[in-house]
Amino acid sequence: QSALTQPPSASGSPGQSVTISCTGTSSDVGGYNYVSWYQQYPGKAPKLVIYEVSKWPSGVPDRFSGSKSGNTASLTVSGLQAEDEADYYCSSYAGNNNLVFGGGTKLTVL
Amino acid sequence: QVQLVQSGAEVKKPGASVRVSCKASGYTFTSYYIHWVRQAPGQGLEWMGVINPSGGATDYAQSFQGRLTMTRDTSTSTVYTELSSLRSGDTAVYYCARGGLVVVPAVHGLDVWGQGTTVTVSS
């Protein structure tokens with residue numbers, strides 16, 4: 001399956017909100033409510049920040065929120081903080097026990 | 001605490017095979033899927049495949065079919081991934097990550113990650 005499509009970069013000032021999109025097809029994002037989002041700092045392993053489109057793992061602040069419409073999922077980071085500067089990846093279930101990732105978005109806090 | 005600890009860095013020549021291990025602790029090993037994800041230098045995450053540690057069933061990404069083998073040892077709570085016919089494009093950091101409960105399909109997010117294993121393929 002092809003990778004999900006994310007914008008390569010996004011940015012916002014402290015306190016603002018920024019939204020990152022993740023576009024797939026009816027065979028992955030549009031077909032299942034199993035979209036996850038991961039935050040990754042340079043040289044570190046990814047960290048799950050959203051699962052099942054809009055749920056928070058324990059310990060993740062509710063400044064992170066997720067949604068989905070059709071074949072596109074979105075991650076919104078509200079009240080941007082300097083520590084939110086990282087790479088963000090979406091992933092989706094794609095059937096037959098397969099997952100697919102997006103290409104990643106580098107979030108810059110101005 | 002729940003953790004996945006991976007084996008150390010590897011350097012291999014083109015055409016060789018590499019095996020990376022992932023030892024689980026802090027939870028019931030056979031209850032959760034283990035996925036493997038890799039990241040080439042400066043690139044994004046690429047899903048490789050998943051193993052059900054309970055029965056050993058596997059599913060691999062199409063791009064790795066025929067070159068990738070995942071196995072598990074329930075006596076040591078360890079999962080292994082072996083990639084053969086290595087080429088320079090396989091140079092990457094390889095991660096294992098815990099998925100959801102094995103009683104349902106492997107639909108869930110990856111909530112615990114190993115520290116990563118760097119595999120370098122060079123002549």
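In what follows, chains are A, B, ... by sequence order, proteins preceding strands, each numbered from 1. Remember, predicted model here, so these are calculated numbers, not experimental data.
- At a threshold of 4.5 Å between side-chain heavy atoms, the hydrophobic network of Ile, Leu, Val, Met, Phe, Trp and Tyr places B/V79 and B/V102 in two separate groups.
- Of the two parts of A/N96, only the backbone, made up of N, CA, C and O, holds a non-hydrogen atom closer than 4.5 Å to a non-hydrogen atom of chain B.
- For chain B, no part of A/K55 is nearby; none of its heavy atoms comes within less than 4.5 Å.
- A/L107 and A/V35 fall within the same hydrophobic cluster, where Ile, Leu, Val, Met, Phe, Trp and Tyr residues are linked whenever their side-chain heavy atoms come under 4.5 Å apart, directly or through other members.
- A/Y32 and A/F101 end up in the same hydrophobic cluster when Ile, Leu, Val, Met, Phe, Trp and Tyr side chains are linked at under 4.5 Å.
- Both A/V100 and A/W37 are assigned to one and the same hydrophobic cluster, defined by single-linkage of ILVMFWY side chains at heavy-atom distances under 4.5 Å.
- Residue B/Q62 qualifies as open at atom CD: its count of foreign heavy atoms under 6.0 Å is 12 or below.
- The six-membered or imidazole ring of A/Y51 lies away from that of B/H108, with a centre-to-centre distance of 6.0 Å or more.
- The minimum heavy-atom distance linking B/G109 with A/S36 is given by the pair CA-OG, 3.3 Å.
- Only the backbone of B/Y60 comes within less than 4.5 Å of a heavy atom of chain A; no side-chain atom from C-beta onward does.
- Atom CZ of A/R63 sits in a crowded spot, with more than 12 heavy atoms from other residues, nucleotides or ligands closer than 6.0 Å.
- Ranked by non-hydrogen atom pairs under 4.5 Å with chain B, the options A/P42, A/S91, A/A45, A/S92 are led by A/A45.
- Interface remark: A/P46 contributes backbone and side-chain atoms alike to the contact with chain B (heavy atom separation under 4.5 Å).
- Closest non-hydrogen pair, B/P105 versus A/Y93, comes out as CB-OH, 3.9 Å.
- Residue B/V112 does not touch chain A at all, counting heavy-atom pairs closer than 4.5 Å.
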Next on the checklist: For B/Q39 and A/Q40: C-alpha separation, side-chain torsions, deciding distance, then whether side chain to side chain contact (heavy atoms under 4.5 Å, CB included) applies.
Outcome noted: CA-CA 12 Å; B/Q39 186 170 35; A/Q40 186 182 34; 2.8 Å; yes

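- Rounding to the nearest 0.5 Å gives a distance of 10.0 Å between NE2 of B/H35 and CG of A/N98.
- Looking at B/L110, B/D59, B/V50 one by one, the single match for side-chain contact (heavy atoms from CB on, under 4.5 Å) with A/L99 turns out to be B/L110.
- A/Y34 and A/L75 sit in two unconnected hydrophobic clusters of ILVMFWY residues. Membership requires side-chain heavy atoms under 4.5 Å apart, directly or through other members.
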